[in-house]
Amino acid sequence: MDQKAFLATLPPATRDVVTRRSNRAGMAHLAGHLTAILLVGTLIGAGVAFWPLLLPLQGILLIFLFTLEHECTHKTPFASARLNELVGHACGLILVLPFRWFRYFHLAHHKWTNLPGQDPEIEQPRPQTRAAFFWYVSGLPYWGAYLRLVPVLAFGGGQAKYLPDSAMPGIRAEARWMLAVYAFVPAIIWLNPLLLWVWIVPVLIGQPFLRLYLLAEHGDCPSVANMFLNTRTTFTNRLVRALAWNMPYHIEHHVWPAVPFHQLPAAHALMRDHLGVTADGYAAFTCDYLARRSPGAVAPPPASP
């Protein structure tokens, strides 16, 4: 069964309930996420004992705003369209990930998931050796790519087949205002280094955790059009699911992207018997991924047509 066949089995009433968006659920979850960021940031700013040990935690909290920005590209975390746009742009500014550009990039990823030559997410191939894995996980390729992307978009470049011409003026305008904001950052840090310790250093430290998380979504999944097979759901604890806005239910999200984050557990209950690729936690996935890249190990499954 593929995603189209599965969705065709669902009665209209079920579809209506599971795809219902909620400002209340979205704002409650956002309030919890932001409260954690502000609390840890306040402790760092106050210079509590052993405050440097809080930097990785702050980094994880900040960098996983990516999963919220990702949700906003689908216009699902809130019922309000304006709120989805506002939150998406704010997350993009924090993560150096232009929201308007990312929406088209990500929707193309959904349309062509894991298909070589079509899915923009794998234009840079996933790591196939242990050395490439550790380089990828460092986050340095990410920062290099996106610190270049923003000025390229701002000054007239960055065209891609998944970016419609009608979208480019808005994409360029966003990149330009992002650059304008970033231009003030060095002066702010020179006047008071707090921003360095509550934002810049933490996101650098936190990026490897996001890289490991993202690799599990599609890494070593078959290159086929069936979303039950080209995507992985990772079973994990409630804390990780909350941090990632329920996106560990990733097959569920790809099969049915109209489902808001707070309804993904319900979507999982409906389709759990059809899940083709799963992992029992991120540590287990990472160990298996590296084992397949050990000398003499069996190679990952080849891409299917």
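Everything numeric in this text was worked out from a predicted model, so none of it was measured.
- Using modelled atom types, no side-chain atom of R272 and backbone atom of H268 make a donor-acceptor pair closer than 3.5 Å.
- Applying the side-chain hydrogen bond (donor to acceptor under 3.5 Å, both in side chains) rule to R21 yields no partners; only residues at least two apart in sequence or on another chain are considered.
- In plain terms, the two heavy atoms of V18 and P260 that are nearest each other are O-CD, 3.4 Å.
- At distances below 3.5 Å, at least one donor-acceptor pair connects side-chain atoms of Y289 with backbone N or O atoms of P127.
- Taking the side chain to side chain contact (heavy atoms under 4.5 Å, CB included) definition, one finds that A167 meets it with Y104, P164, I171, sequence neighbours left out.
- No continuous path of ILVMFWY side-chain contacts below 4.5 Å connects L86 to F78, so the two sit in separate hydrophobic clusters.
- Screening H74, K111, E69 against H106 for a side-chain hydrogen bond (donor to acceptor under 3.5 Å, both in side chains) leaves a single residue, H74.
- Tracing side-chain contacts under 4.5 Å through hydrophobic residues (I, L, V, M, F, W, Y), one never reaches L38 starting from W197; they form parts of separate clusters.
- Using a 4.5 Å heavy-atom cutoff, the side chains of F99 and C72 are in contact.
- With sequence neighbours left out, F6 forms a ring-ring contact (aromatic ring centres under 6.0 Å, His included) with F228, H274.
- Heavy atoms only, all atoms of each residue included: N230 and N114 are closest at O-ND2, 3.7 Å.
- Side-chain contact between L65 and H33 is present, with heavy atoms from C-beta onward closer than 4.5 Å.
- With N226 contributing its side chain and M1 its backbone, the two residues share a donor-acceptor pair below 3.5 Å.
- Although no hydrogens or angles enter the test, the distance criterion places a donor-acceptor pair under 3.5 Å between the side chain of H250 and the main chain of M247.
- For N237, the CG atom sits in a packed shell: over 12 heavy atoms of surrounding residues, nucleotides or ligands are nearer than 6.0 Å.
- Counted by atom type alone, E252 and T233 present one or more donor-acceptor pairs between their side chains at under 3.5 Å.
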Test log, rule side chain to side chain contact (heavy atoms under 4.5 Å, CB included), inputs H254 and H109
CA-CA 10 Å; H254 268 258; H109 161 64; 3.3 Å; yes
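- A salt bridge links R103 to E85: at least one charged side-chain nitrogen sits closer than 4.0 Å to a carboxylate oxygen.
- For the pair Q263 (side chain) and T19 (backbone), a donor-acceptor distance under 3.5 Å is absent.
- Inter-residue side-chain proximity for R100 and F105 is flagged as unmet; no heavy-atom pair is nearer than 4.5 Å.
- M178 and F184 fall within a single hydrophobic cluster, where Ile, Leu, Val, Met, Phe, Trp and Tyr are joined by side-chain heavy atoms under 4.5 Å apart, directly or via other members.
- Judged purely by distance below 3.5 Å, without hydrogens or angles, the side chains of H70 and W245 never pair a donor atom with an acceptor atom.
- The two residues L229 and V277 come nearest to each other via the heavy atoms O-CG2, 3.3 Å.
- Contact of the W256 side chain with the M271 side chain is registered, since non-hydrogen atoms from C-beta on lie closer than 4.5 Å.
- R293 places no side-chain N or O within 3.5 Å of a backbone atom of R130 that could act as its donor or acceptor partner.
- In the model, R238 has no side-chain atom that pairs as donor or acceptor with a side-chain atom of N246 under 3.5 Å.
- Partners of Y146 under the ring-ring contact (aromatic ring centres under 6.0 Å, His included) rule, at least two apart in sequence or in another chain, are W101, Y142.
- Considering Q128, R232, R292, R126 in turn, R292 is the only one that fulfils the side-chain hydrogen bond (donor to acceptor under 3.5 Å, both in side chains) rule with D220.
- Heavy atoms from other residues, nucleotides or ligands lying under 6.0 Å from CD of Q124 number 12 at most.
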Are V198 and T42 close enough, and set up right, to give a side chain to side chain contact (heavy atoms under 4.5 Å, CB included), and what steps lead you there?
CA-CA 8 Å; V198 299; T42 298; over 6 Å; no
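- With hydrogens and angles disregarded, a donor-acceptor distance shorter than 3.5 Å links the side chain of N84 to the backbone of K75.
- Within the structure, salt bridge (Lys or Arg N to Asp or Glu O under 4.0 Å) pairs that include any residue of residues 132-141 do not occur (at least two apart or interchain).
- Between the side chain of H110 and the backbone N or O of P257, no donor-acceptor pair lies under 3.5 Å.
- Its side chain within the 4.5 Å cluster rule, L53 clusters with F50 among the Ile, Leu, Val, Met, Phe, Trp and Tyr residues.
- Here the closest non-hydrogen pair linking L55 and I44 is CD2-CD1, 3.8 Å.
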